[in-house]
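Just so you know, these numbers use all the heavy atoms, side chains as well, and skip hydrogens, waters and symmetry mates.
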Amino acid sequence: MTRPDLNQIVRTPDGRPEVEQPKWRRDFPIDLPQDEYVARRDFTKFMVLTSLAFAVGQVWIGIENWRRRRRGQPPIAEIAKVSDVPIGSTITFAYPQPHDACLLVRTGELTWLAYAQECTHLACAVIPEVDKGQFRCPCHHGYFDLTTGRPIAGPPRRPLPRITLDVRNGAVYATGVEERTA
Amino acid sequence: MPVPEHLEFFIDPSRCIGCESCVQACSECDTHRGHSMIHLEYVERSRTTQTTPVICMHCDSPTCAEVCPADAIKRTEDGVVQSARKPRCIACSNCVLACPFGVPKMKSDLELMMKCDMCYDRSSVGKKPMCASVCPSQALFFGTREEIERLRKRSAAVNRFRFGNQTVTTKVNMMVPRDARPEYIDVAAAMEEDSLGGDIMLNVLST
Ligand code: SF4
Ligand code: SF4
Ligand code: FES
């Protein structure tokens, strides 16, 4: 016996081809192979399992936050020599972990700014636009203020985490990460 | 597993002796345990004892499934129309009213339409449906076309029915006289005719 094509209406009432049938016949197929059958039981299972996953996720986020707070501020690390960063320029560095990309911006003789590079919307890397006084996120057109790190336009709602700095002995040091919610 | 293609259902109402064996046997089928899905129709109760068994004809375009607002009636790949799917059936009885053969039954205690599914647990493995396996007069016959042709020399199988403007082609066959084999069985017209049995009964009564 040849098996019917699973996506095709096997028997139509008036014998006309499938294309000539009303749309509802394709939406509500009578033959079992074409039917996408979701039982109430399957649906309930799906709901229970996803809710469970969300609940576990919340607990996990809570634990992670607690661990981060306990860890305290990361160690001080040298980012660059003052002489290596001309006024108005930017360099990238990693802090506190090797995969945490950050931006260091020198806006004046003695003014330094540093932020995590990860956009607070969906984690794209932001691009510094020093002459316009902003960071731009190319993914969904998010903008952050250069001097405060606060979102000024687009989807991001939280400011970029600020890296606290210390400039001494001709070098710039990162001393900590300041996470802010507003 | 699908019902083997060479096995077909044949109904020969003229052979029905009204013994109700099929009704009893049907309730022993595993797909609808305890519920008999077959019934006997009295052709013209006031004049004759003739009965005819009514099973699902497994229409090519099942009216029951087409009218179901809950999309609950499904047909397997072998053309067997199954009972309503329990999670979908809303017990509206549309199918019961729409089926031209009067087959689906509303089990209101279960809030579920149940119907003859050709004893799917049996026929899908090549066994006879319960009714056909017990019918003493073979009014219900499940087997190959060659078998029925050999056994019923004077009959032929028809699987087209007319109800007014609706023509229904079915998987199940009805046996008709071979010489007078019609293109289709006009059910509505048959209902208006006086039955032959009526005349005989009247003669008996008048003597
Ligand atoms: S005979 Fe009635 S119940 Fe059976 S398939 Fe046809 S419409 Fe449906
Ligand atoms: S075919 Fe099966 S379900 Fe249908 S009446 Fe006969 S025994 Fe019952
Ligand atoms: S990820 Fe930056 S705006 Fe969406």
Side-chain angles (χ1 to χ4, degrees), chain A residues 1-64 121-123 139-140 155, chain B residues 1-8 31 56-90 94-95 98-100 104 111-112 115 117-118 120 124 126 159-163 165-171:
Chain A
M1 182 185 158
T2 51
R3 283 185 68 84
D5 177 353
L6 296 193
N7 293 316
Q8 224 175 351
I9 294 177
V10 189
R11 280 165 259 236
T12 48
D14 44 14
R16 282 183 307 158
E18 187 184 338
V19 279
E20 285 172 39
Q21 297 297 326
K23 185 169 180 305
W24 62 263
R25 219 181 272 291
R26 263 165 285 149
D27 290 345
F28 302 100
I30 285 167
D31 286 288
L32 208 49
Q34 288 113 264
D35 188 41
E36 281 162 25
Y37 180 61
V38 179
R40 225 174 292 185
R41 190 175 290 243
D42 294 336
F43 182 67
T44 314
K45 244 185 248 170
F46 170 80
M47 291 298 277
V48 169
L49 289 178
T50 36
S51 318
L52 207 69
F54 274 119
V56 170
Q58 287 297 320
V59 172
W60 184 74
I61 289 172
I63 293 172
E64 278 294 301
H121 176 224
L122 289 174
C139 287
H140 316 97
Chain B
M1 249 171 83
V3 176
E5 239 172 293
H6 62 283
L7 296 177
E8 284 184 74
T31 55
C56 176
M57 304 301 285
H58 300 286
C59 309
D60 271 353
S61 173
T63 315
C64 56
E66 295 201 333
V67 299
C68 177
D71 203 20
I73 305 175
K74 294 293 154 193
R75 175 170 55 190
T76 39
E77 53 190 302
D78 42 23
V80 175
V81 181
Q82 306 282 342
S83 280
R85 322 221 75 185
K86 173 69 183 136
R88 287 189 183 178
C89 181
I90 54 171
N94 268 358
C95 52
C99 169
E111 295 204 325
L112 176 68
K115 63 180 278 302
D117 57 3
M118 235 191 228
Y120 205 61
S124 61
N159 68 340
R160 283 169 76 80
F161 298 83
R162 262 288 268 284
F163 298 84
N165 290 331
Q166 188 186 14
T167 305
V168 180
T169 326
T170 61
K171 184 177 168 68

Task: Closest non-hydrogen atom pair, B/Lys86 against A/Arg40 - done: O-NH2, 4.4 Å
Task: Heavy-atom check, side chain of A/Asp35 versus side chain of B/Asp71, under 4.5 Å - done: yes
Open item on the list: Can you tell me if A/Trp24 has over 12 outside heavy atoms packed within less than 6.0 Å of its CH2?
Closed with: yes
TODO: Report the distance from atom CZ of B/Arg85 to atom CG of A/Leu32, rounding to the nearest 0.5 Å.
DONE: 5.0 Å
Open item on the list: Between A/Arg25 and B/Glu66, is there a side-chain heavy-atom distance shorter than 4.5 Å?
Closed with: yes
Task: Neighbour count >12 (heavy atoms, 6.0 Å) for atom CD, B/Glu111 - done: no
TODO: Mind checking the SG-CD1 spacing from B/Cys68 to A/Ile30? Nearest 0.5 Å is all I need.
DONE: 9.5 Å
- [ ] Of all the heavy-atom pairs spanning A/Pro33 and B/Glu77, show the shortest one and how long it is.
- [x] CG-CB, 4.1 Å
